[in-house]
Every structure is written in structure tokens, then in C-alpha cells.
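To start, the structure under review is shown below, and the notes come after it.
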Amino acid sequence: MQLPDPMRLFQEWFAEACDREKSDATAMALATADSSGRPSVRMVLLKQADARGFVFYTNLASPKAEDLRANPRAELCLQWPALERQVRIAGPVENVRAEEADAYFATRPRLSQIGAWASHQSQPMNGRSALEQAVAIAAIRFGVKTVPRPLFWSGFRVVPQQIEFWHQQPFRHHDRQRFTRSGTAWRHEWLFP
Ligand SMILES: Cc1cc2nc3c(=O)[nH]c(=O)nc-3n(C[C@H](O)[C@H](O)[C@H](O)COP(=O)(O)O)c2cc1C
């Protein structure tokens with residue numbers, strides 16, 4: 001019997017989740033750790049998934065980006081309650097190429113592009129009006145011109161070394177399959193639930 005390819009299995013589950021999940025199927029928890037090992041977790045959106053890895057975009061001056069520069073490894077966790085499934089993806093993290101980030105940024109709604117310029121992500125601000133003011137300044141700055149990608153905003157790609165698929169079963173006899181990259185191939189194991 002041929003073993004399932006984890007990327008193909010991911011695409012199958014993801015397509016089903018996009019179809020059936022009421023909330024955003026691309027939402028995923030991103031776990032990072034700083035240079036001292038202190039963990040942090042927060043949600044981000046999956047913007048691309050292919051053989052090269054799993055991409056999300058963010059502010060490069062944010063705490064998560066700082067963690068990833070100090071310690072370029074991460075774990076992602078997607079949960080799809082409608083399918084009773086979870087996927088965990090762990091591995092080293094690389095920067096998305098500038099041209100790729102530019103191309104994605106260009107597809108974003110204009111107000112999101114302006115928001116990227118206006119937000120000093122995770123820095124304290126002096127009330128909501130500080131954001132509104134920063135948005136207004138960025139909107140005036142670009143006028144009707146194309147909004148370029150800020151150099152402080154880009155993507156990270158988690159290159160999977162390990163992908164685990166969890167599927168709920170009756171009486172907690174859940175299915176867990178773990179794929180671990182070994183060279184160009186994947187090693188497959190079943191795990192006790
Ligand atoms: C469903 C959901 C999706 C989110 N997607 C993103 C995202 O794609 N990129 C991002 O920078 N922040 C996203 N956020 C906000 C982050 O969770 C977080 O608040 C922010 O990035 C700051 O994180 P940091 O201080 O750890 O860097 C999202 C939040 C939620 C609830």
C-alpha cells in the first residue's frame with residue numbers, strides 16, 4: 001500500500017475545511033519562542049500552502065518576528081471543529097522572498113494595505129484615535145497612488161519537518177498520523193491518541 005503524501009493529505013483536509021467550516025479555515029495558532037526559550041502563541045492566517053511550506057504575513061517589527069529572528073523555528077496548529085480534525089506543522093522558518101510578498105500585498109484590500117503602514121504592531125498606543133490618525137496620515141500620503149508594501153511587513157514560511165494529522169474518533173480512540181521528513185521522503189507513524 002502506498003503511504004499518503006502529507007501535503008496531498010493536507011490539501012484534501014484543507015479543501016474540506018474551507019467548504020464546511022463556519023469560521024475561517026485558514027486561522028491557525030503560531031507558536032514561537034524567544035532566545036531564552038520563552039514561548040508565545042497567537043493566531044495568524046494561512047496564506048499559502050504548498051510543497052515549500054506554510055506562509056503567513058505579519059509586521060517584521062512585531063514580537064513574533066523578533067522571536068523568529070532569534071530562534072527561526074515555529075509550530076502551527078489548525079483546528080477544524082466541523083471536521084473534528086487538527087493539523088500540527090513544525091519546522092524551521094524562512095523569509096518569504098520580497099517579490100512574493102509584493103505580489104501578495106498587491107492583492108490585499110486598499111484599507112488593509114494602509115493599515116499595514118499605520119500599525120506599529122504590538123506597540124502600546126495612546127487610545128484608538130492614535131490608530132485612526134495613523135491611518136488618515138497613511139491614506140493622505142498615498143492619495144490615489146498604488147500603496148507599496150512596507151519594508152517592515154512581509155511573510156514567513158514554516159518549512160515542515162513534521163506534520164501531524166489528528167482525527168477525532170468515538171470514545172477518544174482518535175486517529176493520529178505523524179509524518180517526519182527524512183531527506184526527500186517522509187517517514188510515517190501512527191501515534192497513540
Ligand atoms: C483569527 C486571527 C487571525 C489573525 N491573523 C493575523 C495575521 O495573519 N498576521 C498578523 O500579524 N496578525 C494576525 N492576527 C493578530 C495576532 O494574533 C496578534 O495579535 C498580532 O499579530 C501580534 O502578535 P505578536 O505581538 O505576538 O507579534 C490574527 C488574529 C486572529 C484572532
Side-chain angles (χ1 to χ4, degrees), residues 10-11 13-50 52-132 134-135 138 147-160 163 166:
F10 180 85
Q11 297 296 1
W13 282 25
F14 185 53
E16 255 183 87
C18 291
D19 210 32
R20 290 181 38 204
E21 201 55 63
K22 276 202 231 40
S23 60
D24 188 343
T26 71
M28 55 189 186
L30 161 73
T32 58
D34 69 12
S35 53
S36 68
R38 189 185 66 95
S40 299
V41 65
R42 79 292 283 152
M43 302 302 289
V44 292
L45 298 179
L46 175 63
K47 292 299 174 187
Q48 203 186 349
D50 57 30
R52 294 174 302 161
F54 296 79
V55 172
F56 63 91
Y57 286 88
T58 194
N59 183 306
L60 298 181
S62 66
K64 73 179 89 51
E66 229 169 90
D67 279 3
L68 290 172
R69 275 190 296 276
N71 181 9
R73 301 192 67 80
E75 180 152 317
L76 303 168
C77 184
L78 297 108
Q79 187 208 3
W80 298 309
L83 310 183
E84 301 180 328
R85 287 173 181 170
Q86 166 185 263
V87 179
R88 293 168 64 178
I89 299 148
V93 172
E94 29 176 76
N95 298 318
V96 162
R97 288 199 340 273
E99 311 83 76
E100 207 177 331
D102 288 342
Y104 169 64
F105 189 79
T107 68
R108 302 186 86 212
R110 190 174 179 84
L111 278 178
S112 306
Q113 294 174 334
I114 286 173
W117 279 97
S119 175
H120 304 282
Q121 192 175 54
S122 301
Q123 296 298 312
M125 65 177 187
N126 226 346
R128 224 193 130 71
S129 60
L131 175 63
E132 285 157 9
V135 167
V147 181
R149 175 177 64 87
L151 290 179
F152 59 81
W153 189 98
S154 190
F156 290 100
R157 174 176 281 111
V158 180
V159 179
I163 311 184
W166 182 100

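Indexing begins at 1, ligand by ligand and atom by atom, following the structure's order.
- A donor-acceptor contact shorter than 3.5 Å links the side chain of Arg149 to the backbone of Trp153.
- Using a 4.0 Å threshold on non-hydrogen atoms, atom 19 (O) of ligand 1 does not count as touching the protein.
- For Asp67 (side chain) and Ser40 (main-chain N/O), no donor-acceptor pair under 3.5 Å exists by modelled atom type.
- Atom 5 (N) of ligand 1 has Val44 CA, 3.2 Å as its closest protein atom, hydrogens excluded (heavy atom only).
- Under the 3.5 Å distance criterion, the side-chain polar atoms of Trp80 are left unmatched by any main-chain donor or acceptor of Val87.
- Nearest to atom 3 (C) of ligand 1 among the protein's heavy atoms is Leu45 CD2, 3.6 Å.
- Looking from atom 26 (O) of ligand 1 to the surrounding protein, the closest heavy atom is Arg42 NE, 2.7 Å.
- The backbone N or O of Ala82 sits less than 3.5 Å from a side-chain atom of Glu21, completing a donor-acceptor pair.
- The shortest heavy-atom distance from Tyr57 to ligand 1 is under 4.0 Å.
- Here the heavy atom of the protein found nearest to atom 22 (C) of ligand 1 is Ser122 OG, 3.3 Å.
- Looking at Lys64, Met43, Gln121 and measuring to atom 23 (O) of ligand 1, the nearest heavy atom belongs to Lys64.
- Formation of a donor-acceptor pair under 3.5 Å by the Gln86 side chain with backbone atoms of Cys77 is not found in this model.
- You'll find the side chain of Ile89 reaches within 4.5 Å of the side chain of Phe10, heavy atoms only.
- Considering only non-hydrogen protein atoms, atom 11 (O) of ligand 1 sits nearest to Thr58 OG1, 2.6 Å.
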